[in-house]
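Inspection log for the structure reproduced underneath, given as structure tokens.
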Amino acid sequence: MKSRRTTRGGWQAAILCCALLSAPVFAQVSSYGDKQSGENAGDQLPQVLQKVGVAQRLNQQLPLDAAFVDESGKPVKLGDYFGKHPAILALVYYTCPLLCSEEMDGLTSSLEMVKLTPGKDFNVVIISIDPSDSPEQAAKSKALYVKRYGRPETASGWHFLTGQRPAIDAVTNAVGFGYVRVPGPDGKLSQFAHASSIEIVTPEGKLAQYYLGVEYSPKDMLLGLIDASGNKIGSPVANILTYCYHYDPQTNKHSLIVARVVQLGGMITVAGLGGFMFLMFRKDVNVAREHDLTKKETDKG
């Protein structure tokens with residue numbers, strides 16, 4: 001039991017070293033014309049990502065009167081999905097080439113193991129941050145993830161919304177979701193730099209819990225939904241962000257940043273594990289020496 005606890009502590013130390021690579025980033029919404037990517041210094045985030053992040057605004061009221069259009073083209077209000085049940089909220093965009101699909105895959109996979117039913121126990125509300133996304137694109141995304149979820153009878157509990165800038169800004173500002181328009185491969189401002197997170201919202205429409213990254217614990221999701229159903233507000237989580245950002249492919253700057261972060265993270269992980277193994281080896285050697293000395297003294301006696 002002692003060695004098992006020690007090993008677990010070593011792994012936690014190594015993981016903590018990697019976690020320290022990501023610093024808290026406060027959210028703010030930049031204007032569409034702000035596309036200054038800037039040069040990254042060393043392994044720091046590029047200038048554009050300084051305006052991207054998630055500020056956890058627990059107990060913040062969502063703008064329930066914000067107007068959107070659902071995947072069928074029907075005008076709706078955000079408040080239509082609240083009042084009786086909690087909801088899971090995700091801010092993505094349906095043409096996202098990178099992180100959004102990973103986020104949605106992680107959400108769907110987690111919900112597969114949560115013994116609650118969308119539409120009956122909670123709602124899933126997906127809002128596009130791109131005003132140019134259409135209800136047709138929303139419908140395709142809904143069909144994809146409801147099919148992947150494997151329970152077509154729950155389709156009424158999944159809501160994929162599109163809207164215009166004022167409604168989108170009202171929600172992202174309430175959530176603390178900072179994002180920036182950036183150029184796509186064609187040079188047009190067709191993509192977004194953003195972080196990945198989902199939120200649990202109470203039936204009253206208040207933010208109860210944040211989950212960051214692209215993989216979500218089914219147990220945490222279940223407990224979050226149960227607590228939120230009673231209008232309980234959770235606690236902040238470690239603000240370690242996963243970013244979605246695409247540089248100009250001709251410069252390959254995005255790949256360079258990812259490579260640097262991965263290499264540095266790998267080096268720290270290896271160093272942490274190597275140090276742990278070295279300490280454990282020395283401890284075993286010392287124990288063996290003490291055992292031999294004790295045995296020799298006993299033999300002499």
Side-chain angles (χ1 to χ4, degrees), residues 25-35 48 50-96 99-100 103-104 107 122-135 137-138 141-142 158-182 189-212 224 228 231 233-234 236 239 241 244:
V25 179
F26 297 99
Q28 56 182 324
V29 178
S30 179
S31 64
Y32 279 12
D34 189 353
K35 59 176 182 178
V48 67
Q50 303 300 328
K51 300 179 180 180
V52 174
V54 179
Q56 300 176 50
R57 296 176 177 168
L58 294 169
N59 207 31
Q60 174 69 39
Q61 178 69 55
L62 290 180
L64 300 184
D65 59 344
F68 291 94
V69 176
D70 72 8
E71 68 279 350
S72 69
K74 175 186 174 183
V76 297
K77 294 288 184 68
L78 184 58
D80 294 345
Y81 308 109
F82 296 93
K84 294 182 179 180
H85 306 296
I88 296 173
L89 174 67
L91 300 172
V92 300
Y93 66 107
Y94 304 131
T95 57
C96 178
L99 192 65
C100 298
E103 178 179 334
M104 289 300 300
L107 172 60
F122 65 97
N123 283 301
V124 180
V125 180
I126 313 298
I127 297 178
S128 172
I129 60 174
D130 187 352
S132 66
D133 276 351
S134 67
Q137 291 168 320
S141 292
K142 175 174 179 174
W158 295 73
H159 313 281
F160 286 67
L161 310 183
T162 56
Q164 296 306 305
R165 182 81 186 269
I168 294 171
D169 284 353
V171 175
T172 56
N173 288 336
V175 173
F177 186 87
Y179 64 99
V180 180
R181 260 196 190 273
V182 293
L189 292 173
S190 58
Q191 296 183 3
F192 294 85
H194 65 91
S196 175
S197 72
I198 62 172
E199 292 75 42
I200 304 293
V201 188
T202 71
E204 297 176 347
K206 292 186 177 182
L207 293 160
Q209 188 65 66
Y210 286 73
Y211 299 119
L212 307 182
N231 294 304
I233 307 299
N239 209 358
L241 301 178
C244 177

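Below, each value reflects all heavy atoms present in this structure, side chains not excepted, and no hydrogens, waters or symmetry copies. It should be emphasised that the depicted structure is a prediction, and the values quoted were computed from it without experimental measurement. Along the sequence shown, residues carry numbers from 1.
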Shortest non-hydrogen pair, A193 vs V52, comes out as O-CG2, 3.6 Å
Distance-minimising heavy-atom pair for P131 and Q164: O-NE2, 3.8 Å
Tell me, please, which residues at least two apart from T162 pass side chain to side chain donor-acceptor pair (under 3.5 Å). none
Would you mind reporting whether I127 and L78 have side-chain heavy atoms less than 4.5 Å apart? yes
Using side-chain heavy atoms (C-beta onward) and a distance below 4.5 Å, is E103 in contact with I198? yes
P236: partners by side chain to side chain contact (heavy atoms under 4.5 Å, CB included), with sequence neighbours left out: Q56, L58
Give the intermediate values and the outcome of side chain to side chain contact (heavy atoms under 4.5 Å, CB included) for residues I200 and Y211. CA-CA 8 Å; I200 304 293; Y211 299 119; 3.5 Å; yes
Side-chain touch F177/V171, heavy atoms, less than 4.5 angstrom: no
So which atom in C100 and which in V92 form the shortest heavy-atom distance, rounded to 0.1 Å? SG-CB, 3.8 Å
Only pairs under 3.5 Å count here: list side-chain donor-acceptor contacts from residues 62-72, not counting sequence neighbours, and write none if there are none.
residue	atom	partner	partner atom	Å
D70	OD1	S72	N	2.9
D70	OD1	S72	OG	2.7
D70	OD1	G73	N	3.1
D70	OD1	K74	N	2.9
D70	OD2	S72	OG	3.4
E71	OE1	F160	N	3.1
E71	OE2	K142	NZ	2.8

Under a 3.5 Å distance rule, please check whether R57 uses its side chain to pair with a backbone N or O of N173 as donor and acceptor. yes
Audit row: C96, F192, side chain to side chain contact (heavy atoms under 4.5 Å, CB included) steps and yes/no: CA-CA 8 Å; C96 178; F192 294 85; over 6 Å; no
Judged by atom type as modelled, is there a donor-acceptor pair below 3.5 Å linking the side chain of E204 to the main-chain atoms of Q61? no
Taking C-beta and beyond as the side chain, do T202 and I233 meet within less than 4.5 Å on heavy atoms? yes
Quick one: does any side-chain atom of D80 pair with a main-chain N or O of K77 as donor and acceptor, under 3.5 Å? yes
Student check: side-chain heavy atoms of S141 and M104 closer than 4.5 Å: no
For residues 81-90, which side-chain donor-acceptor pairs fall under 3.5 Å, sequence neighbours excluded?
residue	atom	partner	partner atom	Å
H85	ND1	K120	O	3.4
H85	NE2	K120	O	3.2

If the condition is side chain to side chain contact (heavy atoms under 4.5 Å, CB included), which residues does Q137 pass it with, not counting sequence neighbours? Y94, T95, D133, S134
Apply side chain to side chain donor-acceptor pair (under 3.5 Å) to Q209 and list each qualifying residue two or more places apart in sequence or on a separate chain. none
For V54 and S197 the tightest heavy-atom approach is CG2-OG, 3.8 Å
